[in-house]
Every structure is written in structure tokens, then in C-alpha cells.
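In what follows, a single structure is set out as C-alpha cells and then discussed.
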Amino acid sequence: MTSQEKDIETLIPDLRDLPVGRLAELGSSALAQSIALYRERLRENGIPLSSFQARI
Amino acid sequence: MTLTERGRVTAIANHQLPEAAFSELAEGDGGPATMRRLGEAQLSKHLMLLQAIAEAATGPGPGPVAFQVGYERLARIQAAVPAAADWLLGLPHLGGWIHDTLIRLDQGSAADFGHFASLVAATAIRAGLPVDLDVPVRGGRVRLPGLGSLLVTRSVADAESAWIRLRCDGQVVTVGGLAIAAGRLVPDDGTQDPVPGWRGTPAVRSVGGGLAWTVLLETGDPYLDRYTLPMRTTMPSEELADWRQRIRAAWQVVADRHRWAAEPLAEVISVIVPLTPQSDTDLVSATTPAAYGAFAASWPPDPVTLAETLVHEFQHVKLCGLLDLVPLIRSGDQRVYAPWRQDPRPARGLLQGVYAHLGIVRFWQAQQYAETDPDGLLRAQVLFARWRPAIEQAVATLRQTGSLTPAGARFAERLQAQGQRLASVSVPPEAARIAAEVALDHRLTWELRHVAVEEADAAGLAAAYRRGDAGPGQARTWVSQDVRKVDASLRSRLLNLRYLDPARYRELRGGSGILPLGGPDRLLLERRSEDAVRAYRTVIAGSADPQPDAWIGLALALHQLPPSPLQHPLATRLALMFEVHARLASSSDPLDLVSWFT
């Protein structure tokens, strides 16, 4: 298998097997790095607020 | 995958994307399995971001409390019916609200935590599960995102920022003075009897080529009012009927003739946000990374145009899903030319555009074989010929920005190869000629608007020209938004009208053959090319003021003539020649200057 045939490690934690209740127990600490990275990209990309929120 | 040790979470692995799925997406495709992967990643993303919000939604206020209750109820819903929770986690409405909330938190301003209770209430009601929680009342209504809204009693509705208890026992929903069967609180697909107190979100079910697609027409969710034009928040029944008819007709086109896009599109796109149009003629459409599965569009002029828009926006949605997973572009301030935009674009925007246009090229390639009416055929041929070369041009520009990550470089390579594969499809010479002309007009108009020239270099070249020095040297140029005003929009619109709406173009030419244009532009449109060159030359040489639109016209007219050495400098260094000429005596012959640049 060449390097290009390997699966790509993505930026999003796979939470499919983790129930919402467990996630709440866990808190955001286990996800902190992924959340911080996402929020940084959100700021970089400059996604605007909805018109509704922007008016408030 | 989550790794656990004696019930304790020790590590959370990230989603994996097979290289084959990445390649499929890079080539503009993506079958159902790949779409499922993108969708599953969105569920994880929303869960992750909900947890970030949960950390912030603390304290005793009604909003944080409503969020906390909603989060706890969602856990129960998920335990009872996992698919019901998945519906919410995949809902574009949730994405819109999550992103607004995160932005608000980043700004340090008040977030609308309480709206989450409405999202959870909708989830429970849809699944027929018990729920009991306070939900916000806005504009006299309780919103149930993805389903519709309940009109609550006047006394509650009058309150500035009211809350109301919503209960569902799995069968009946009670809120304020209303008690309605949960099964009747569904989107309005036009087949149900009205339910007093309930306004279902308009839904459109379409079937084409044996493939069904159901999509919501969202006019009520404020968190999806986040596009370049305002959401159409009221839609009279006649207008709704028109939208339904147009969407069904467009779906017929996509399902019958563009199967590669139809099946995954039906799986991913669940919401269209109708936009308030800017003008009667121009369709505006948009996608946001905040709401995977949704796109927005103003009223489409015909079914084929809407079909193209479905393919176009679906490409954006897919790429937004991929960009959440794999960074393809590094952030940067550089702005560059995009063949489909009037303004300079960042590399990220150019990547989005070129990916959308790969879908558009494939659409018009297939549409050429489907159109039977000559006008429709001309449109398909010109649009194919207009956008296919733009793929390679834009990928080359992307590479030049140096913004592509290693994964982005592989993505661009496959995207470009897919564009090149379509190069073997030929179109008739007339269609190719029109496509090349409108592409040149667009690029030159953009260049004169947004390419700045170093003042000292332009002055130096003007002095060299006056002295009669041999050939010009180099000059420093850079992209800067709106450095010059160019007023050639009517000419450009008419150049495009020739294939976008040939009947209207013929009508404008009318019996007298007179177009609503002045001298040189009319000669250009009538392809009296030599006369047009002379006329533009006279305008430029005879005016004390710079004439950017005439310079573009001169370039276009010269390109209508047989190949000559004058064409290349006009096509590649127009902004520079314009600035040099502006520094010469007003009667200077522009063609003499162009000759100097050859």
C-alpha cells in the first residue's frame, strides 16, 4: 500500500459510538483540541452571523 | 472510533476518509457511500460543537437552563431512538444555530442558548417521543425547526421575550391553548388539510427518473437567513405553487440527464432557502459552511437554470463537507482572478468556485445532448465552452497562490485532470467564438477594475514610448479592489444575452437592427469589427479622460479580426497599456502604443 492509498486522518473526532450522555459526562476537555481548531478555522473563514443575529 | 477502558473514555479517534473517497470527491463525484461518510462526519462535528456550547451554557438564566434541559432530553431521545437524534444532528437548521452561537461566544456577546430547546422539541415530536420543556416564543410562534411553527395564544405572543411550556406525551402536543396530534405537526407538502395553529414548513416532493427527492423550502428559520440576500420570509400560496412546480421540473432534468449528481444530491440536500431577488433577471444562489445540506437561491427563471443551480450548489455543499475534514487551503490575504466573479477572490473562494464549475461543465456537457430547441442548444454549447477552459485556468491560479496544502495539491491535480478529460468534447465554431469572447470581456473588465500599476513604472514606460525607445520593459502590478471604474455593464450583458436568452437578444435587435448601445459598442455587437476598431480608437484618442470601457471594446474588436500581433498585448497587459496611455498626450493613437508593446 502506498502512502496515497492510506486512509486520511481527518480533523473531526469520530463521536458516532459515544452517546450524548457520555459526551456530557466527558466534558469538552477530550475534544478541546479539535474544538479549538474548528473555532480557529471559523474565525479565519469569517463565516458571518445570520441576518437575525447580526441585527441584535 | 472511541477507545474505552473499563467504561472510561481514554481516547477519541478522528474520522478516517479513504483515499478513494477523497479522489472521488476531487473528481467532482461522490457516490452514496462517500456522501454517508460526509454526513456522519457532520453529525460528529455538530456533537462536538454542542459540547463546546454546553460548556458555555451555564448559569441560572432561562436560556442556559433551556439549553441544559434540552441537552439532557436529547440524550434520552438518542437512547430511545438513535435515528431521531441523528435527524437533529444532521439538520442544517442546527448547524446555522450552532455557528451563530459560537460566533456570539467568540464575540463575548449574548448567545441564544434557548433556541436549542426548540430544536430538541422538534426532534421529539417528529419521533413521537415524550418531551416536556420550556421553549422560546418569537413573533407569536413557537418554532419547531425542520417541521414548522405553532401559533401560540395572544397573551403569550405579546410578551417581548416569552417562554412557554411544551409537552408531548408521544401522541399529543400541548402548548398554550393548543393540543394537536404530534403526527400532524409535519412539513407542508401541499397534500395535507390545514391544521389550526400550525404552519408547516413548505416541503416539495419530486420524482424524476424513478428517483425521489424531498426538500424543505425554508422561509421561517432565522438561523438559515444567512446568505448574501435576505431570506424570503413570506411566500403567498401562488408563489409557493410556482416554486414547487419549478423545483419538480428542475429535478426531472437532473434525475433524467445528470444521474451522477442526482442520487447523492437527493441524499444530502434537504433545505432550499428562497432568497428575495435583487432583480427580475439574475438568479443568485449561495451555500454556507454553517449549514451543511442547505443552499439558497432566488427565483430561477427556468427549470434548466435551476437544475444547473442544484448541481452547482451541491458541489459547494460537498466541498464544505470535505473542508471540515481535510484542510485543502492555507489561510492568506492574497486575492486573485476568478473567471466567474466580478471581484478579486481569496484562494479559498477560488477553490470553491472551480469545484462548483467542474459540476457546471459536466452539467452543460450532458445538456448539449438533451436540448432540442436551437436556443437551448446554443446556451448549453456556449456555457460548456465558456467554463471548461476556466477549470484549468483557475487551478493554475490556485497553484500560483502557494496556498494549497499537500492534500489540496492532490485535490487540485485530480480536479484539473477531470476538467482536461472534458477537453475532447467539441462545440460548433460559433459557440466557441461567443464563449471565447465573453471570457475575454470578463477577464479584461476585471483586470481594468482590479489590477493596479506602479505609478513610477507607468510614467517610465510613457517616457520611453515618447522617446521612441525600443519595446517596453517590465512594470510592477498587483491586485487591488476597484482601482478603476469601468462602466461597460450594458455591453457585457448584451454579449452574454446572445446565448443566455437568444430570443430576447433578437427582440432587442428588432426589425431595425438597433441595439440599445452607442456607436462603437453597437458595431462590436454587430461584428462590424474593423469599423468598431476605428470607432474605439477615435474615442480613446479623442478623449481627454481615460476610457477604460473603450479599451476593453478595442481589445474585443481586434480579437474579432484574424490573428494579429496586436491581440496578445491587449489580452495580457491591458491595465499597463491603459495606464501608460493615460500619461501620453490625449490624441495619442492607442493602436500605435499597442504596437509598441508587441
Side-chain angles (χ1 to χ4, degrees), chain A, chain B residues 1-2 9 11-22 40-45 47-52 54-55 71-72 74-79 82 85 96-97 99-100 102-104 106 109-110 112 222-227 230-231 288-290 323-327 331 348 407 410:
Chain A
M1 179 182 277
T2 68
S3 63
Q4 291 207 354
E5 289 167 336
K6 288 178 184 168
D7 284 358
I8 299 168
E9 172 88 4
T10 75
L11 299 174
I12 302 291
D14 187 348
L15 302 178
R16 283 175 295 176
D17 298 336
L18 195 62
V20 172
R22 293 292 312 278
L23 194 60
E25 287 168 25
L26 186 67
S28 67
S29 55
L31 304 171
Q33 196 180 355
S34 301
I35 290 172
L37 192 59
Y38 187 87
R39 295 179 80 162
E40 186 185 319
R41 287 158 61 210
L42 184 62
R43 283 189 286 270
E44 275 177 11
N45 296 344
I47 296 174
L49 281 167
S50 64
S51 308
F52 159 67
Q53 282 284 310
R55 280 193 298 269
I56 295 173
Chain B
M1 188 172 68
T2 304
V9 177
I12 299 172
N14 285 0
H15 279 272
Q16 302 288 308
L17 184 68
E19 184 65 32
F22 179 82
E40 285 166 358
Q42 289 296 312
L43 303 195
S44 289
K45 180 183 105 174
L47 268 176
M48 171 181 87
L49 299 177
L50 275 177
Q51 188 54 36
E55 295 283 302
Y71 205 35
E72 187 271 332
L74 178 61
R76 286 195 216 171
I77 291 169
Q78 190 189 44
W97 171 77
H99 282 81
D100 270 16
L102 291 176
I103 295 167
R104 281 291 197 192
D106 275 353
S109 51
D112 180 15
Y223 290 100
L224 289 177
D225 185 4
R226 57 187 320 120
Y227 299 93
M231 171 193 272
T288 168
L323 285 167
D324 276 341
L325 292 171
V326 184
S331 59
R348 177 175 293 274
R410 284 191 290 123

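Here is the naming used below: chain letters follow the sequence lines, and residue numbers restart at 1 for every chain.
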Taking the side chain as every heavy atom from C-beta outward, state whether [X] and [Y] have any pair of such atoms under 4.5 Å apart.
X	Y	answer
B:Pro222	A:Ser50	no
B:Arg226	B:Asp100	yes
A:Leu15	A:Leu31	yes

- Can you tell which part of B:Leu323 gets under 4.5 Å to a heavy atom of chain A, answering side chain, backbone, both or neither?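 Answer is backbone: N, CA, C or O of B:Leu323 sit under 4.5 Å from chain A.
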
- Does any heavy atom of chain A fall under 4.5 Å from the side chain of B:Gln78, the backbone, both, or neither of them?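 Side chain of B:Gln78 only, per the 4.5 Å heavy-atom cut-off to chain A.
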
- Note on the structure: Closest non-hydrogen atoms of A:Leu42 and B:His99, given as atom of the first, atom of the second and distance, are CD1-CD2, 3.4 Å

- Pick from B:Val326, B:Leu47, B:Leu50 with the largest number of heavy-atom pairs that fall under 4.5 Å of chain A: B:Leu47

- Query: Pick from B:Asp106, B:Asp112, B:Leu43: which one has the most heavy-atom pairs with chain A under 4.5 Å?
  - Reply: B:Asp106

- Is it the backbone or the side chain of A:Ile47 that comes under 4.5 Å from a heavy atom of chain B, or both, or neither? both

- Item | Proximal component of A:Glu44, with respect to chain B [non-hydrogen, under 4.5 Å] |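 Answer is side chain: those atoms of A:Glu44 sit under 4.5 Å from chain B.
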
- Query: Any Lys/Arg nitrogen of B:Arg410 or B:Glu19 sitting under 4.0 Å from an Asp/Glu carboxylate oxygen of the other?
  - Reply: yes

